[in-house]
Amino acid sequence: MRTLWHAWSSVVTYLDFTCCWCHQPVSVTVSCQGPGLAHGPLARASCQVPCPHCAGICRVDFFPSSHLVDSVTPVAAGWACAALCAN
């Protein structure tokens, strides 16, 4: 995994995790923006990702500066929003 810093207010990071629905591996590229990144290594972010294998929606909480995935939790179908991440 690696991070591409475009500016202090945005970062592109690559995340690998296991789908919480079907337990298949998933890889995504995430673009994070905003003042929260000023917290550096303490900054946390989250996004909702549709699994390419089963279409289940996973909420992924992560640290943008280190690519570490903190947690992956299922999103109930009725609460699913448009994905903020692209596969």
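The minimum heavy-atom distance between S10 and Q33, with the atom names listed, is CB-CG, 3.7 Å. Counting all heavy atoms, side chain and backbone alike, P64 lies closest to T13 at O-OG1, 3.6 Å. Across every non-hydrogen atom of L37 and C32, the tightest pair is CD1-O, 3.6 Å. Annotation for D70 and F63: closest pair CB-CE1, 3.9 Å, computed over non-hydrogen atoms. Here the closest non-hydrogen pair linking P41 and S65 is CA-OG, 3.2 Å. For the residue pair W21 and I57, the shortest heavy atom distance occurs at NE1-O, 2.9 Å.
Residue pairs meeting the salt bridge (Lys or Arg N to Asp or Glu O under 4.0 Å) criterion with at least one partner in residues 21-33, sequence neighbours excluded, are absent.
Between the CD atom in Q24 and the SG atom in C51 there is a gap of 7.0 Å [rounded to 0.5 Å]. Annotation: the span from R59 atom CZ to S46 atom OG amounts to 3.5 Å, rounded to 0.5 Å.
At a threshold of 4.5 Å between non-hydrogen side-chain atoms, the residues T29 and V12 count as touching. At least one side-chain heavy atom of F17 sits less than 4.5 Å from a side-chain heavy atom of V28.
At a cut-off of 3.5 Å, with distance as the only test, no side-chain donor of H23 or T18 sits close to an acceptor on the other residue.
Shown here are the side chain to side chain donor-acceptor pair (under 3.5 Å) partners of S71, two or more places apart in sequence or in another chain: D61.
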**Report entry** Worked verdict on L15 versus V60 for side-chain contact (heavy atoms from CB on, under 4.5 Å)
**Finding:** CA-CA 9 Å; L15 303 172; V60 182; 4.2 Å; yes
